[in-house]
Trainee: 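Submitted below is the structure of interest, expressed as structure tokens.
The figures that follow rest on heavy atoms only: side chains count, while hydrogens, waters and symmetry mates do not.
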Amino acid sequence: MADVGAGKYDSALTVFSPDGHLFQVEYAQEAVKKGSTAVAVRGKDTVVLAVEKRALAKLQDARTVRKICSLDDHVCLAFAGLTADARVLVNKGRLECQSHRLTVEDPVTVEYITRYVAKVCQRYTQRSGARPFGVSFLVVGFDQGIPKLYQTEPAGTYHEWKANATGRNAKTVREFLEKYYTEESIQTRDEAIILAVRGLLEVVQSGSKNIELAVIEKGKKIEFLDTDQIEKYIQHIEKVREEEAEKKKKKPHP
């Protein structure tokens with residue numbers, strides 16, 4: 001009988017279970033955990049997005065498979081979860097950015113557009129005949145020259161972060177970022193990129209071909225790095241790792 005009761009709450013989006021769960025929202029969060037890993041790092045004058053790219057079919061056009069999208073000139077995002085759901089939310093976000101410019105003649109702040117997307121997500125957690133969005137966003141950009149990073153969840157919550165990850169193996173990457181992120185380690189553009197790539201390489205083993213990376217610098221538009229540029233950072237990371245390994249070997253044992 002207990003299983004039958006649980007099944008009723010399992011299929012109903014707008015009904016709480018006796019112990020306070022909305023199971024469909026939790027299932028949406030599980031969909032996010034099955035998505036490609038995305039990492040974001042907020043530097044001093046830079047914000048970096050790095051995403052795991054899935055292997056493409058031989059005849060597929062890589063240009064049409066993007067995990068990093070721009071919402072406005074100064075705001076972009078990476079996502080993990082269902083791509084079709086992300087496309088709908090990205091289009092809604094872009095429309096709101098344009099509407100905001102027309103209405104108040106100013107660009108949106110990063111928090112404003114993050115809150116708007118989170119509000120749309122929350123609306124779909126209490127509407128009958130619909131389902132939650134199975135996607136999580138890492139939203140980055142600049143507000144009056146200050147770098148910002150936010151994460152949204154399918155439940156409609158959002159928080160600001162210094163560095164974070166979402167998607168498959170996000171916990172592993174987050175633990176890496178917690179260990180190595182310091183204010184001194186992200187002073188330059190290259191340092192912020194290296195930290196983001198190092199975090200992603202904790203769970204991605206295929207090198208630059210399987211990494212998509214974008215950078216926004218203060219006063220500049222979003223820049224996508226090509227495979228050759230990413231490969232240079234990976235080679236630098238591997239070189240540093242080899243040097244550290246050599247030092248450990250040479251270090252005398254007590």
Trainee: Do Leu49 and Leu213 belong together in a cluster built from hydrophobic side chains that touch within less than 4.5 Å?
Mentor: no

Trainee: Below 30° counts as parallel, above 60° as perpendicular, anything between as tilted: where do the rings of His21 and Phe23 land?
Mentor: parallel

Trainee: Which heavy atom in Arg54 sits nearest to a heavy atom in Ser36, and how many Å separate them?
Mentor: NE-OG, 3.3 Å

Trainee: Each residue besides Leu71 in its hydrophobic cluster should be listed here, by chain and number; the cluster joins Ile, Leu, Val, Met, Phe, Trp and Tyr at side-chain heavy-atom distances under 4.5 Å.
Mentor: Val75, Leu77, Phe79, Val88, Leu89, Val90, Val108, Val110, Tyr112, Ile113, Tyr116, Val117, Val120, Tyr124, Phe133, Val135, Phe137, Val139, Tyr150, Tyr158

Trainee: So with a 6.0 Å cut-off around CD of Gln60, is the heavy-atom count from everything else above 12?
Mentor: yes

Trainee: Going only through I, L, V, M, F, W and Y residues with side-chain contacts under 4.5 Å, is there a path from Ile211 to Val215?
Mentor: yes

Trainee: Under 4.5 Å between any side-chain heavy atoms of Lys67 and Thr83, yes or no?
Mentor: yes

Trainee: Could you state the interatomic distance from CD1 (Ile222) to OG (Ser70), rounded to the nearest 0.5 Å?
Mentor: 5.5 Å

Trainee: Shared ILVMFWY cluster between Val47 and Tyr233, side chains joined below 4.5 angstrom?
Mentor: no

Trainee: How far apart are the closest heavy atoms of Leu138 and Ala165, and which atoms are they?
Mentor: CD1-CA, 4.4 Å

Trainee: Do Asp85 and Arg131 have side chains that get closer than 4.5 Å, going by heavy atoms?
Mentor: yes

Trainee: Val240 and Leu201: same hydrophobic cluster, using ILVMFWY side-chain contacts below 4.5 Å?
Mentor: no

Trainee: Under the side-chain contact (heavy atoms from CB on, under 4.5 Å) criterion, do Phe224 and Glu212 qualify, and how do the steps go?
Mentor: CA-CA 8 Å; Phe224 287 90; Glu212 182 181 351; 3.9 Å; yes

Trainee: At their closest point, which heavy atom of Gly43 faces which heavy atom of Ala192, and how far apart are they?
Mentor: CA-CB, 4.4 Å

Trainee: Using a 4.5 Å cut-off on heavy atoms from C-beta on, say whether the side chain of Ile237 contacts that of Arg241.
Mentor: yes

Trainee: Compare all side-chain heavy atoms of Gln29 with those of Pro132 and state whether any distance is below 4.5 angstrom.
Mentor: no

Trainee: Any chance you could measure Trp161, atom CH2, to Leu149, atom CG, to the nearest 0.5 Å?
Mentor: 9.0 Å

Trainee: Please find the pair of heavy atoms, one from Asp72 and one from Cys97, that lie closest to each other, and give the distance.
Mentor: OD2-CB, 3.9 Å

Trainee: I would like to know whether Glu223 and Arg189 meet salt bridge (charged side-chain N to carboxylate O under 4.0 Å, His left out); could you show each step before the answer?
Mentor: CA-CA 12 Å; Glu223 176 190 355; Arg189 165 193 161 109; 3.0 Å; yes

Trainee: Could you tell me whether the side chain of Asp226 and the main chain of Gln229 form a donor-acceptor pair under 3.5 Å?
Mentor: yes

Trainee: Ignoring hydrogens and angles, tell me if any N or O in the side chain of Glu52 forms a donor-acceptor pair with the backbone of Thr37 under 3.5 Å.
Mentor: yes

Trainee: Which distance, rounded to the nearest 0.5 Å, do you find between the CG of Asn210 and the OG1 of Thr227?
Mentor: 10.0 Å

Trainee: Just verifying a value: how many Å separate Phe142 CZ and Thr46 OG1, rounded to the nearest 0.5 Å?
Mentor: 6.0 Å

Trainee: Are the side chain of Arg87 and the backbone N or O of Leu82 linked by a donor-acceptor pair below 3.5 Å?
Mentor: no

Trainee: Rounded to the nearest 0.5 Å, what separation is found between the CD1 atom of Ile186 and the CG atom of Leu177?
Mentor: 12.0 Å

Trainee: Where do His74 and Lys148 land on the side-chain contact (heavy atoms from CB on, under 4.5 Å) test, with the steps shown first?
Mentor: CA-CA 11 Å; His74 65 299; Lys148 297 288 185 179; over 6 Å; no

Trainee: Pair Ser136, Gln151 - check side-chain contact (heavy atoms from CB on, under 4.5 Å), show working.
Mentor: CA-CA 7 Å; Ser136 173; Gln151 181 185 17; 3.3 Å; yes

Trainee: Which heavy-atom pair separates Val39 from Ala196 by the least distance, and what is that distance?
Mentor: CG1-O, 4.2 Å

Trainee: Might you point out which heavy atoms bring Cys76 and Ile216 nearest each other, and give the distance in Å?
Mentor: SG-CD1, 3.4 Å

Trainee: Would a hydrophobic clustering, with Ile, Leu, Val, Met, Phe, Trp and Tyr connected at side-chain separations under 4.5 Å, put Val203 with Tyr181?
Mentor: yes

Trainee: Does the side chain of Ile193 reach to within under 4.5 Å of the side chain of Leu225, using non-hydrogen atoms?
Mentor: yes

Trainee: As an exercise, state the distance from CZ of Arg42 to NZ of Lys162, rounded to the nearest 0.5 Å.
Mentor: 7.0 Å

Trainee: State, yes or no, whether a side-chain contact exists between Phe176 and Leu195 at a heavy-atom distance under 4.5 Å.
Mentor: yes

Trainee: Less than 4.0 angstrom from a charged side-chain N to a carboxylate O is my criterion; do Lys239 and Glu242 meet it?
Mentor: no

Trainee: Which one of Thr166, Asn169, Asn164 satisfies the side chain to side chain donor-acceptor pair (under 3.5 Å) criterion with Arg174?
Mentor: Asn164

Trainee: How about His100 and Pro107: do any of their side-chain heavy atoms sit closer than 4.5 Å?
Mentor: no

Trainee: Under the side-chain contact (heavy atoms from CB on, under 4.5 Å) criterion, do Arg198 and Glu202 qualify, and how do the steps go?
Mentor: CA-CA 7 Å; Arg198 283 181 66 195; Glu202 290 291 299; over 6 Å; no

Trainee: Any side-chain heavy-atom pair from Ser185 and Glu191 closer than 4.5 angstrom?
Mentor: no

